[in-house]
2 protein chains.
Amino acid sequence: MSLNEANSAFQDADFADDLKIGDIERPAERAYQGIRRAILKGILPSGAHLREEALAQMTGTSRTPVREALRRVVAEGLARADNRHRYVSDFSFKEVSIVFDIRIRLESFAARVAAENITDSELAELDHILAEIDRIENVGQPAATERFAELNSRFHNTIIKATRSMQMQTLSAQAVSLPLEVIKQFVWEQTVNIAQSNDQHRVIVTALKQRNPDWAENAMAGHILSTKPHRPSIMPRG
Amino acid sequence: MSLNEANSAFQDADFADDLKIGDIERPAERAYQGIRRAILKGILPSGAHLREEALAQMTGTSRTPVREALRRVVAEGLARADNRHRYVSDFSFKEVSIVFDIRIRLESFAARVAAENITDSELAELDHILAEIDRIENVGQPAATERFAELNSRFHNTIIKATRSMQMQTLSAQAVSLPLEVIKQFVWEQTVNIAQSNDQHRVIVTALKQRNPDWAENAMAGHILSTKPHRPSIMPRG
DNA sequence: CGACATGACTTTGTATACAAATATCGTATG
DNA sequence: CATACGATATTTGTATACAAAGTCATGTCG
């Protein structure tokens, strides 16, 4: 494999700046963010061998937090582990597509369970998020996309938490984190439609308010389905 | 919280013997198996604070492999993480039940994808596993249950691998590991029916051989559904 | 010329010392 | 008597030294 170029590529550059991790002080978080961003930015390309010492240097920490970060990154699906080593996952269209299909099943089930367990204060929180998303201006600008990504995450997480199941939260976090990151990076610039997305959010919240599990499940499935990339061409790294 | 008793409970006992980890030499694996078994055996009860130093002593390793093991245990859902600390998850009927519902959706989708991607050699492997399960004798004895658990895991993992998706494998591993462990511990003694289970396995394999995604999906869903505990009474812990 | 043994080098695994954060408990004070 | 404070102990976080395992290239022997 031609992985050596990939590794030598970050030996002499100022990555703390490029990866915007300069102000993160906790080494574990710093290492995690640094590795994650390096993968998503393509600095660490698919298949690249994740060497602990090199990553420690890259992120300005030691191997201990790097090892911890690597476990997170592997658990998220951004990298894969093999005997002793770890390698950057490939984000082929097929892989991203399948994770979306999993997410559709997982999160629509979460919406179903949430419909039976959500509290009034959580419903209020969802209303608040809807309003915040409506307030986003300069649609299309990076800042707006970033803001939407944050609120969108909160929306989905609030529903998942409303299932009152730790296991659901654990599993969903992993199924959701990868597509959200990959999408934010590759897909949204071209396809995200904030207004349409929030219309769907509103439908989901209405279903939840009526404590209607079937409707909530269906609405969530439709929502995620609409965000699933359906053309390989939009995956630059596929 | 009354967690102190739980922790003092393993300070003076010979756990290497009780947990059958005496012959595992790699510390990381030793720590992982020791912690996992201690949780499943109830030595570390739900809510117990997992202290690194105490676990290191318990498993006869140092904190480094323990920390690594704890990450695995948390990822599997056997424990939950909070700021800095980790605690044993609770295996309430509700939690176990929901993980089964997730598994139904995840693995039936895996069967669907597998039907379109499985190789002849994997189908042969599945046939081999079916035959091995048929050969199990002394049904009801612990050794037979243990053997079935192993072959059953291989069966399900072979299908998941046949999806040709790393992400599917990563996510499924986490959704499947917890129920399989908990079930082996609490449910199977009372409800497992090896012959019935293998009949269902055979149907799934037939569907896969015919490359029939709908059938494979449905058969897998039915199979897992049939193993899902439906009475709270069979959950001793909760 | 090829297969294989050998040894240097690379990479990960483990233990441990120390630092930082947090919890605990006793004491003083309003 | 309740509470706030502070010293002390506990627990986790980080860095690093060393061990073990694996890789790769080189050279020797068949």
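Note on naming: letters A, B, ... go to the chains in the order of the sequence lines (proteins, then strands), and numbering restarts at 1 for each one. All of these numbers come straight from a predicted model, not from anything done at the bench.
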Worksheet item: Below 4.0 angstrom from OP1 or OP2 of dT12(C), is there any side-chain N or O of His85(A)?
Response: yes

Item to complete: Report yes if at least one side-chain N or O of Ser62(B) is closer than 4.0 Å to OP1 or OP2 of dA15(C); otherwise report no.
Response: yes

Item to complete: Map Thr61(B) and Arg84(A) onto DNA chain C by nearest heavy atom, then report which one ends up closer to the 5' terminus.
Response: Arg84(A)

Worksheet item: Any idea which of dT12(C), dT12(D), dT14(C) is nearest the Arg26(B) side chain?
Response: dT14(C)

Worksheet item: Looking at Phe109(B), does the NZ or CZ of Arg112(B) lie under 6.0 angstrom from its six-membered ring centre and within 45 degrees of the ring axis?
Response: no

Provide, to the nearest angstrom, the distance between the [atom1] atom belonging to [X] and the [atom2] atom belonging to [N].
X        : N       : atom1 : atom2 : answer
Arg63(A) : dA19(D) : CZ    : P     : 14 Å
Tyr87(A) : dT11(C) : OH    : P     : 11 Å
Asp82(A) : dA21(D) : CG    : P     : 17 Å
Glu29(A) : dT12(D) : CD    : P     : 19 Å
Leu55(A) : dT11(C) : CG    : C1'   : 12 Å
Glu68(A) : dT12(C) : CD    : P     : 17 Å
His49(A) : dT11(C) : NE2   : P     : 7 Å
Glu53(B) : dT10(D) : CD    : P     : 12 Å

Discussion item. Whether the side chain of Arg51(B) and the base of dT11(D) hold a donor-acceptor pair under 3.5 Å is what I'd like checked.
Written reply: no

Discussion item. Looking at Glu76(B) and Arg36(B), is any side-chain nitrogen of the basic one under 4.0 Å from a carboxylate oxygen of the acidic one?
Written reply: no

Worksheet item: If you look only at pairs with a residue in residues 52-62 of chain B, which of them pass as a salt bridge (Lys or Arg N to Asp or Glu O under 4.0 Å), with sequence neighbours excluded?
Response: Glu52(B)-Arg63(B), Glu52(B)-Arg67(B), Glu52(B)-Arg86(B)

Discussion item. Under a 3.5 Å cutoff, is there a donor and acceptor pairing between the side chains of Glu95(A) and Ser89(A)?
Written reply: no

